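I have a structure here, written as structure tokens, and I will follow up with some questions on it.
Naming: A, B, ... by sequence-line order, numbering from 1 per chain. Fair warning: this is a prediction, and the values are worked out from it, not measured in the lab.
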There are 2 protein chains.
Amino acid sequence: MKRNTWQREAVRTALSESDGFISAQALHGQLRDGGSTIGLATVYRALTDLTDEGEADSLTQDGEALYRACTPDTHHHHLICRRCGATEEIEADPVEEWARRIAAEHGYTRAEHVVDIFGLCPACSRLSESAPSA
Amino acid sequence: MKRNTWQREAVRTALSESDGFISAQALHGQLRDGGSTIGLATVYRALTDLTDEGEADSLTQDGEALYRACTPDTHHHHLICRRCGATEEIEADPVEEWARRIAAEHGYTRAEHVVDIFGLCPACSRLSESAPSA
DNA sequence: CGTCTTACTGATAACGATTGTCAAAACGGT
DNA sequence: ACCGTTTTGACAATCGTTATCAGTAAGACG
């Protein structure tokens, strides 16, 4: 049976109060700063559980996993600058539908998709024109 | 000055011959299997360079970085089975168009996109029903 | 063609993020 | 309050990746 502990609740609360994506370690540090004695492993476990239960979204950015409280209505993807690393959230409704259809057509179940666009953001595009790197 | 070594060329070749995304370690293993004595660190360095130079795209899936040769002859995407690793090539024309539009709307240039669908193939879906892992 | 400079290489150590381990503590039904 | 089970927290282990460093070789120059 799943138990209800203050640790899990603390992670859930901290995550929903946190603005945007946050790493497990950062969240742990934040909790400790707030006086909590919660352990790092517990934070990882809680975040994994929350993600499994659909209460949190996760993505990996530069080798570390970032988590965000899930607002179930906003599944979106990212537009990422190859040079400066800036990311923008983008809507991909047509793609969601397409992905579902393709998976179904091929008999695939439990389909998840990775949809990200890499490019040069406006600022870096200008830099690239004046000082081409390649 | 940038030098031209057989190691770098080997990585470039292996990457472009590889179908879809591949991890640095897998690429290294593949090269070693092919008789090369190339070192793991060199593969990482070459892949990083190729990515910086825009000759390769990278994404991180499940904690590890995957690489793919940029500007492939036949641009297509993949439907990948999470359990058995089978991949099917899929057409994504509507997505190509959508990606171009999104990038343009946000002022991004030189846009490349990563579109892959992960799921369970028909066979593994059946297995999963009779012996659920989660 | 030989030499010299210096970027590149490869083995390994170091590193950071994450996961496994396991005894102790906490939860919740009784 | 008691008991069985789950969860916790500290720490070790693991995994992918990066830094280190002495040795090697690419490419410029004579």
Side-chain angles (χ1 to χ4, degrees), chain A residues 1-15 18 20-53 55-68 80 82 85 114 133-134, chain B residues 1-15 18 20-53 55-68 82 85 114 118 133-134:
Chain A
M1 179 205 307
K2 173 137 293 185
R3 291 182 184 171
N4 200 13
T5 63
W6 65 264
Q7 286 96 335
R8 209 169 290 248
E9 197 52 40
V11 170
R12 193 200 315 262
T13 302
L15 189 64
S18 163
F21 285 90
I22 187 171
S23 73
Q25 313 238 7
L27 198 62
H28 175 242
Q30 201 166 295
L31 284 162
R32 296 294 272 244
D33 287 347
S36 175
T37 60
I38 195 171
L40 177 58
T42 302
V43 173
Y44 273 104
R45 282 187 287 246
L47 286 173
T48 301
D49 287 351
L50 287 173
T51 302
D52 284 348
E53 293 160 14
E55 294 192 51
D57 273 339
S58 73
L59 65 85
T60 62
Q61 176 93 21
D62 198 46
E64 74 180 343
L66 301 182
Y67 299 86
R68 179 191 66 172
I80 303 155
R82 239 193 315 258
V114 171
S133 65
Chain B
M1 178 206 306
K2 174 137 296 188
R3 290 183 184 170
N4 199 15
T5 63
W6 63 265
Q7 287 96 333
R8 208 168 292 247
E9 198 52 40
V11 169
R12 193 199 315 261
T13 303
L15 188 63
S18 164
F21 285 89
I22 187 171
S23 72
Q25 312 236 9
L27 196 63
H28 176 241
Q30 201 166 294
L31 284 163
R32 295 293 273 244
D33 287 348
S36 175
T37 61
I38 195 169
L40 177 59
T42 302
V43 174
Y44 274 104
R45 281 187 289 245
L47 286 173
T48 301
D49 287 350
L50 287 174
T51 303
D52 285 348
E53 292 160 14
E55 294 193 52
D57 272 336
S58 72
L59 68 88
T60 62
Q61 176 83 21
D62 198 46
E64 73 179 346
L66 302 182
Y67 299 87
R68 180 192 65 172
R82 244 196 310 264
V114 170
F118 296 86
S133 62

Let's go through A/K2 and A/E53 carefully: what are the C-alpha distance in whole Å and the side-chain angles of both, what is the deciding distance for salt bridge (charged side-chain N to carboxylate O under 4.0 Å, His left out) to 0.1 Å, and is it a yes or a no?
CA-CA 12 Å; A/K2 173 137 293 185; A/E53 293 160 14; 3.0 Å; yes

Which heavy atom in B/F21 sits nearest to a heavy atom in B/D57, and how many Å separate them?
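The answer is CE2-O, 4.2 Å.
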
Say you draw a straight line from CZ of B/R68 to OG1 of B/T51; how long is it, rounded to the nearest 0.5 Å?
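So the CZ of B/R68 and the OG1 of B/T51 are separated by 11.0 Å.
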
Please state how far atom CD1 in A/I38 lies from atom P in C/dA25, giving the value in whole angstrom units.
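My rounded result for the distance is 18 Å.
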
If you compare all heavy atoms of A/L27 against all heavy atoms of A/A14, which two are closest, and at what distance to 0.1 Å?
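What the structure gives for the nearest pair is CD1-CB, 3.8 Å.
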
Atom-pair distance (CG on A/L40; C1' on C/dA17), nearest Å
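In whole Å, C/dA17 C1' lies 9 Å from A/L40 CG.
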
Identify the stems formed by DNA chain D, where each pair is Watson-Crick or G-U wobble with both distances under 3.5 angstrom and a stem is at least 3 consecutive pairs.
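Output for stems: C:1-30 with D:1-30.
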
What contact category does A/S23 fall into here, base, sugar-phosphate, or nothing, at under 4.0 angstrom with non-hydrogen atoms?
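Nothing, no heavy atom under 4.0 Å.
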
Shortest non-hydrogen contact between A/R32 and A/T37, atoms and distance:
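Result for this residue pair: NH1-O, 3.6 Å.
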
Locate the shortest heavy-atom distance separating A/S23 from A/A26; write the atom from each residue and the value.
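Looking at all heavy atoms of both residues, the shortest contact is OG-N, 3.0 Å.
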
Whole angstrom value for the distance that separates P of C/dT19 from CD of B/E64:
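Distance check: B/E64 CD to C/dT19 P gives 13 Å.
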
How do B/D49 and B/A41 order along DNA chain C: which one's closest nucleotide is nearer the 5' end?
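Nearer the 5' end of the strand: B/D49.
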
Both B/Q25 and B/R3 contact DNA chain D. Taking the nearest nucleotide for each, which residue is further toward the 5' end?
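Comparing both residues, the 5'-ward one is B/Q25.
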
Measuring from atom OG of B/S36 to atom CD of B/Q7, what distance do you get when rounded to the nearest 0.5 angstrom?
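Here the interatomic distance stands at 7.0 Å.
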
How close do B/W6 and B/I38 get, counting heavy atoms only, and between which atoms?
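Taking every non-hydrogen atom into account, CH2-N, 4.3 Å.
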
Pick the nucleotide of DNA chain D nearest each of B/G63 and A/G39; which residue has the one closer to the 5' end?
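Nearest nucleotide further toward 5': that of A/G39.
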
Which residues in residues 4-13 of chain A have a heavy atom closer than 4.0 Å to any atom of DNA chain C?
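DNA chain C contact set from residues 4-13 of chain A: A/N4.
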
For B/H28 against B/V43, the heavy-atom pair lying closest together:
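Residues B/H28 and B/V43, closest heavy atoms: CD2-CG2, 3.8 Å.
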
Between the side-chain atoms of B/R45 and the base atoms of C/dG10, is any donor-acceptor pair under 3.5 Å?
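By the distance-only test, yes, there is a pair.
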
What distance do A/S58 atom OG and A/L50 atom CG have between them, rounded to the nearest 0.5 Å?
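Answer rounded to 0.5 Å: 11.0 Å.
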
Using atom NE2 of A/H28 as one end and atom C1' of C/dG16 as the other, report the distance to the nearest whole Å.
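Distance check: A/H28 NE2 to C/dG16 C1' gives 15 Å.
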
Compare all side-chain heavy atoms of B/L15 with those of B/E55 and state whether any distance is below 4.5 angstrom.
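A side-chain contact under 4.5 Å is absent here.
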
Using chain A heavy atoms and a threshold of under 4.0 Å, write down where along DNA chain D the contacts begin and end, 5' to 3'.
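Contacts span D/dG4 to D/dA10, reading 5' to 3'.
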
